[in-house]
Amino acid sequence: MLDHLLSPAAGRPLFGRQDGLSAGWAVAQQQVPYPLAVQIMEERAAAIAEGRAGELVWLLEHPPLYTAGVSAKAADLLEPGRFPVFESGRGGQYTYHGPGQRVIYLMLDLTARQRDVRAFVGALEAWVILALSAFNVEGAVRPGRVGVWVERKGPGWSREDKIAALGVKLRRWVSFHGVSLNVEPDLGHFSGIVPCGQARHGVTSLVDLGLPVTMAEVDSALMSSFKAVFGGARPEVSPY
């Protein structure tokens, strides 16, 4: 699976910049309010498009909340009063963000990489799958279901649970929003929505899979796999 996803010519990153420049890499040390995160992303994306700033990969956590993507259906918000709900311009439907979940917002210049939205989404999925492999977790993609899934089996049963959600937006070929990877969130908080419109499937996390990994360990795996898929990353101060 990974060999198929990560097959760039001559060892180049799958979705690297044509000029070889590195993206900034910043980790927030406190929970970031969602409206502020959106404001920061939009300002940074505009600056990138205008050549006033470099790319940024921003890793953070949010307080508990739900967001509605552009394809969200009102009926999928099962408990509207449970947590704050924010309309989001990203692709996708309803999702949950909260402590213990690594949210990664990517402000990348696709003009300097590839002006191909489908290839970009595929690169994001490959990135997450490669990071999960560092913990011996076999992530997978499924036709018609955006995100990364884990197959779970037991005596007489099997199911597929989502471990990472994807939702991006492009403006002037600069991306923002991105990926959320479940490390150790309260999975019960997903019950207030139909996650990503997938009523027939569940959600899981690394800790739920029996892997007591830390957020720092996950960040390290994400950075290593980012280099393989997107190219170099350089430390940057978090904007919040």
Before you tell me yes or no, could you show the steps for R172 and T111 under side chain to side chain donor-acceptor pair (under 3.5 Å), namely the whole-Å CA-CA distance, both residues' side-chain angles and the distance that decides it to 0.1 Å? CA-CA 9 Å; R172 298 168 65 183; T111 297; over 6 Å; no
Please walk me through it: do R152 and T204 pass side chain to side chain donor-acceptor pair (under 3.5 Å)? CA-CA 10 Å; R152 310 183 70 179; T204 189; 3.2 Å; yes
So L187 and S205, side-chain contact (heavy atoms from CB on, under 4.5 Å) or not? Walk me through it. CA-CA 8 Å; L187 296 179; S205 69; 4.3 Å; yes
Using the rule given for side-chain contact (heavy atoms from CB on, under 4.5 Å), can you reason through V168 versus L124, listing the C-alpha separation, both sets of side-chain angles and the distance that settles it, and then say yes or no? CA-CA 10 Å; V168 297; L124 292 174; 3.6 Å; yes
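Annotation: side chain of R82 is in contact with side chain of Y66 (closest heavy-atom distance under 4.5 Å). The closest side-chain heavy-atom distance from E160 to R142 is below 4.5 Å. Looking only at side-chain heavy atoms (C-beta outward), E184 and V213 stay at 4.5 Å or farther from each other. Side-chain contact between L108 and W173: absent, with no pair of heavy atoms (C-beta onward) separated by less than 4.5 Å. The shortest side-chain heavy-atom distance between I104 and W127 falls under the 4.5 Å cut-off. When side chains are defined from C-beta on, P13 does not count as touching F230, because their heavy atoms never get closer than 4.5 Å. By the 4.5 Å heavy-atom criterion applied to side chains, D208 and L206 are not counted as neighbours. Under the 4.5 Å side-chain criterion, counting only non-hydrogen atoms from C-beta, R159 is not in contact with E151.
R44 places a side-chain N or O within donor-acceptor distance of the main-chain N or O of G54, the cut-off being under 3.5 Å. Not one N or O on the side chain of R102 forms a donor-acceptor pair closer than 3.5 Å with the backbone of V179. Using modelled atom types, no side-chain atom of Q101 and backbone atom of P185 make a donor-acceptor pair closer than 3.5 Å. S224 places no side-chain N or O within donor-acceptor distance of the main-chain N or O of A221, the cut-off being under 3.5 Å. Judged by distance alone, the side chain of E87 and the main-chain N or O of T67 form no donor-acceptor pair under 3.5 Å. In this structure, the side chain of K162 engages the main chain of V146 through a donor-acceptor pair within 3.5 Å.
The two residues Q114 and A119 come nearest to each other via the heavy atoms OE1-CB, 3.9 Å. Closest of all the heavy-atom pairs between A37 and H62 is CB-CE1, 3.7 Å. What you find for Q93 and D76 is that their closest heavy atoms are OE1-OD2, 3.5 Å. Of all the heavy atoms in I129 and G139, the pair that sits closest is CG2-O, 3.8 Å. Between A165 and T95 the shortest heavy-atom distance is CB-OG1, 4.2 Å. Closest approach of V128 to A164, counting heavy atoms only: CG1-CB, 3.8 Å.
Put simply, Y96 and Y94 are part of the same group of oily side chains (I, L, V, M, F, W, Y) that touch within less than 4.5 Å, one to the next. Hydrophobic clustering (side-chain heavy atoms under 4.5 Å, transitive across Ile, Leu, Val, Met, Phe, Trp, Tyr) keeps L166 apart from L65. L36 and V85 fall into different hydrophobic clusters, where Ile, Leu, Val, Met, Phe, Trp and Tyr side chains are chained together by heavy-atom contacts under 4.5 Å. No path of Ile, Leu, Val, Met, Phe, Trp and Tyr side chains, each step under 4.5 Å between heavy atoms, connects V203 with L181, placing them in separate hydrophobic clusters. Using a 4.5 Å cut-off between side-chain heavy atoms of Ile, Leu, Val, Met, Phe, Trp and Tyr, with links allowed through other members, F176 and W58 fall into the same hydrophobic cluster.
The CG atom of L209 sits 8.0 Å away from the CG atom of D161 when rounded to the nearest 0.5 Å. Atom OH of Y240 is separated from atom CD1 of I40 by 8.5 Å, given to the nearest 0.5 angstrom. Residue L132 holds its CG atom at 10.5 Å from CD of E138, rounded to the nearest 0.5 Å. Taken to the nearest 0.5 Å, the CD atom of E125 stands 13.5 Å off from the CG atom of L130. Taken from NZ in K73 to OG in S71, the straight-line distance is 8.5 Å, to the nearest 0.5 Å. For the atom pair CG (L110) and CZ (R115), the distance works out to 9.0 Å, reported to the nearest 0.5 Å.
Of the charged side-chain nitrogens involved, at least one lies within less than 4.0 Å of a carboxylate oxygen, so that E55 and R17 count as a salt-bridged pair.
For R52, the salt bridge (charged side-chain N to carboxylate O under 4.0 Å, His left out) test picks out E50, with sequence neighbours left out. Under the rule for a side chain to side chain contact (heavy atoms under 4.5 Å, CB included), the partners of R234 that lie at least two apart in sequence or sit in another chain are S22, E236.
Annotation: F86 is not in aromatic contact with H177 [ring centroid separation under 6.0 Å not met].
Geometric assessment of R145 against the ring of W149 yields a positive cation-pi assignment under the 6.0 Å and 45° thresholds.
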May I have the list of side-chain donor-acceptor pairs in residues 23-35 shorter than 3.5 Å, sequence neighbours left out?
residue: Q29; atom: NE2; partner: V27; partner atom: O; Å: 3.1
residue: Y34; atom: OH; partner: S88; partner atom: OG; Å: 3.1

